[in-house]
Number of protein chains: 2
Amino acid sequence: MAKPQSSVRLQDVAEEAGVSIATASRSLSGTAGVSESVAERVREVAQRMGYVVNVHARSLAAGTSRSVGLVVHEIGDPYFAEIASGVLRVGTREGLTVQICHSGRDPDRELEQIRMLVANRVGAIIIAGSGFVDPALQAAAKRDLQAYRDQGGRVAVIGRHHLGVDAVLPENVKGGRAIADHLIGLGHRRIAVATGSTALTTIADRLAGVEEACAEAGISFADVPVVVAEFTREGGKLAAEEILRDHPDVTAVLSLNDDMAIGVLSVLRARGVAVPERMSVSGFDDVAVAGDLAPSLTTIRLPMVTMGELALELALKAPGNRPRRRSAGHELVVRDSTAPPPA
Amino acid sequence: MAKPQSSVRLQDVAEEAGVSIATASRSLSGTAGVSESVAERVREVAQRMGYVVNVHARSLAAGTSRSVGLVVHEIGDPYFAEIASGVLRVGTREGLTVQICHSGRDPDRELEQIRMLVANRVGAIIIAGSGFVDPALQAAAKRDLQAYRDQGGRVAVIGRHHLGVDAVLPENVKGGRAIADHLIGLGHRRIAVATGSTALTTIADRLAGVEEACAEAGISFADVPVVVAEFTREGGKLAAEEILRDHPDVTAVLSLNDDMAIGVLSVLRARGVAVPERMSVSGFDDVAVAGDLAPSLTTIRLPMVTMGELALELALKAPGNRPRRRSAGHELVVRDSTAPPPA
DNA sequence: TTGAAAGCGCTAACAA
DNA sequence: TTGTTAGCGCTTTCAA
């Protein structure tokens, strides 16, 4: 791609300003030890000549880089888009470039993207995609990240990973418990769960919370239909159809993310199943649109933007001896999609 | 940030493999002129030693870089998130790193981000945020981009800009006309428009389409209430309240993006105004959730993901003599939020 | 087919 | 406070 022909170099600026290249460098990078008058003049000349530092040259010489990498499953997914927004916010504030890559929920792709970021010598890597329940799937990534950290790279993850690094932990278990408690508290006993692949820790944890709540309420979890589909709107639709067909006595669908819940709502509406009168529906995440659906969605709010901000801040902080953990909190948001079961 | 201590260098690989650094370089970057047996051995050694090329060194030496920059208003906005998804898709396919930055609908911030990307010597820059009606606002950006292109950089924009570069053009005017035609065709005569700042070309164009349609239908555009607010859900709420208060005879709210329409729907629902029986509501963009709202939203579909893909493909193509334009198409999607006005 | 060596543009010792 | 200079790790002539 681009073959940046000779543009203005530091050399040229230095000559034009009548100073050495070192002085020019200091003036422009704001290093101390240059008289203000000279620095001022150099900056002026640079500006006039349209000088733009070559980040590659700088990074190579200085051995440091002002950039970070962010790995998400899919940036088009609002959950990750909001996390990215948080990361970008802090990044901009700190004058960092942010490289974003897709892993597509595929460990191999994830590894590939991590290698790419390492090759780019980013200063930090944030992994926002969910971890996998099976540690073996990310073993290679773990090795690479360890090597990266040994060389001074910073790493932070969002969610539960087996990567041994700083982490921002969404309260998936607590949230799962809270939303299940909410439904149970309303009087529901026949609850179905709509979920994505339980190979992901995010999902496994949410499900574990639900199971805990059921156990406490004396509901046998073995009898709770857990319908697995894509963790998307489309998956939610399929799950809803399966639930209506195979479990007609169910009075509440507990969906493990908002996206699936939206799909569930859509099918119920199409089938003329009244929400929440006949069927309650709940989500998880509280994506921006959740409050504006009809009926508005009862869900667990996860502070995605904040999680993104926290993750980058964590990564930027001097590394400690042991992995740090930041809990991101959660909040049960009760809206119109849940109510007591029909009498 | 990260101070990558001596990691494995090409040098080390070369020594270990017993070849010169030049041969090692050729073997790893797939340049012709190395016997396959040697190349194979070098690759093996590199793999074993965990060698990762230093992109900065490579870019500096080769004068080219495998990365592109994407400027959006805000990645948390689904419109831009979907565009980004398209860009990332093509980027990944082509083995390119993608840097994403926020401009926040602010020309100064946009300029700053462009400079950052230029400093990073990205091979291409995609500007996805809307242009401004006033060319002066982007004059500085235009200069910088021109210099960037003179040095071999590629640029493509999404939307109408005064930047003189390759562009993917959403059919904003046609779309505006189509959605207005739809409402007029249903029999609406008292239509209110909910919109963001008309300083943006995206919005100005959509509005122009609406005006055309009105003119053709013999509706005096001067009598059409055009309510300006933030181009967000929140802005939609404010606009809806103003419309209900000041223009009680209106039978349809034509919102210039889906986000505002969602806010409008939310207020109407809260006020007990029946949609579409008493009031029709339309959006623009067809973000993923539009079809799953209640009532589902009649809107203009813009192929955001495709637009992102097209933009990067356009930028990657060898530059022509004159700016190229790609129309991205649009589609009127009629759903449940629009109907004939009350009798 | 291979190797030697000259940079790419910049930073950071070290000297003055 | 300023300047000189040795690299940073790689690609790419040019010569062998």
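Throughout, protein chains are lettered first and strands after them, A, B, ... in sequence-line order, and every chain is numbered starting at 1.
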Between D/dT2 (P) and A/E15 (CD): distance, integer Å = 18 Å
inquiry  = Could you check whether B/E44 pairs with B/R41 (Lys NZ or Arg NE/NH1/NH2 to Asp/Glu carboxylate O, under 4.0 Å)?
reply    = no
Options D/dT2, C/dC10, C/dT11, nucleotide nearest the side-chain atoms of A/N54 = C/dC10
query = Can you tell which of D/dT4, C/dT11, C/dG9 lies closest to the side chain of A/L60?
reply = C/dG9
query = In terms of side-chain geometry, is the basic nitrogen of A/E36 or A/R43 positioned less than 4.0 Å from the acidic oxygen of its partner?
reply = yes
remark   = Closest to the side chain of A/I21, out of C/dC14, C/dT11, C/dG7, is C/dT11
ask   = With a 3.5 Å cut-off and just heavy-atom distances, do the side chain of B/R121 and the base of C/dG9 make a donor-acceptor pair?
value = no
remark   = From CG of B/N120 across to C1' of C/dC10 the rounded distance in Å is 14 Å
inquiry  = Less than 4.0 angstrom between a side-chain N/O of B/T23 and OP1 or OP2 of C/dT2, yes or no?
reply    = no
task = Kindly indicate whether the side chain of A/R41 and the base of D/dT2 share any N or O donor-acceptor pair separated by less than 3.5 Å?
result = no
message = Pick the closest DNA chain C nucleotide for B/A61 and for B/V38 by heavy atoms, then say which residue is nearer the 5' end.
response = B/V38
query = Where does the angle between the aromatic ring planes of B/H56 and A/H56 fall among parallel (under 30°), tilted (30 to 60°) and perpendicular (over 60°)?
reply = tilted
ask   = Should B/R66 and B/E94 count as an ion pair when the cut-off is N to O under 4.0 Å?
value = no
inquiry  = Heavy atoms from C-beta onward define the side chain here; which of D/dC10, D/dT2, C/dT11 lies closest to that of B/Y51?
reply    = D/dC10
remark   = To the nearest angstrom, the CZ-C1' distance between A/R9 and C/dC10 comes to 11 Å
ask   = Nearest-Å distance, CD (B/Q151) to P (C/dC8)?
value = 15 Å
query = For the side chain of B/A57, counting heavy atoms from C-beta on, which of C/dC10, D/dT2, D/dC10 is nearest?
reply = D/dC10
Residues A/E313, A/R93: salt bridge by 4.0 Å N-O rule = yes
note = Here the distance between atom C1' of C/dT2 and atom CD of B/E36, to the nearest Å, is 15 Å
query = Separation of A/H56 atom NE2 from D/dG9 atom C1', in whole Å?
reply = 13 Å
ask   = Closer than 4.0 Å, any side-chain N/O of B/S25 to the OP1 or OP2 of D/dC10?
value = no
inquiry  = Can you measure B/L28 atom CG to C/dT2 atom P for me and round it to whole angstrom units?
reply    = 14 Å
message = If you compare every side-chain N and O of B/S59 against the phosphate oxygens of C/dC8 (OP1, OP2), does one of them come in below 4.0 Å?
response = no
inquiry  = Starting the side chain at C-beta, find the nucleotide from D/dG9, C/dG9, C/dT2 nearest to B/R26.
reply    = C/dT2
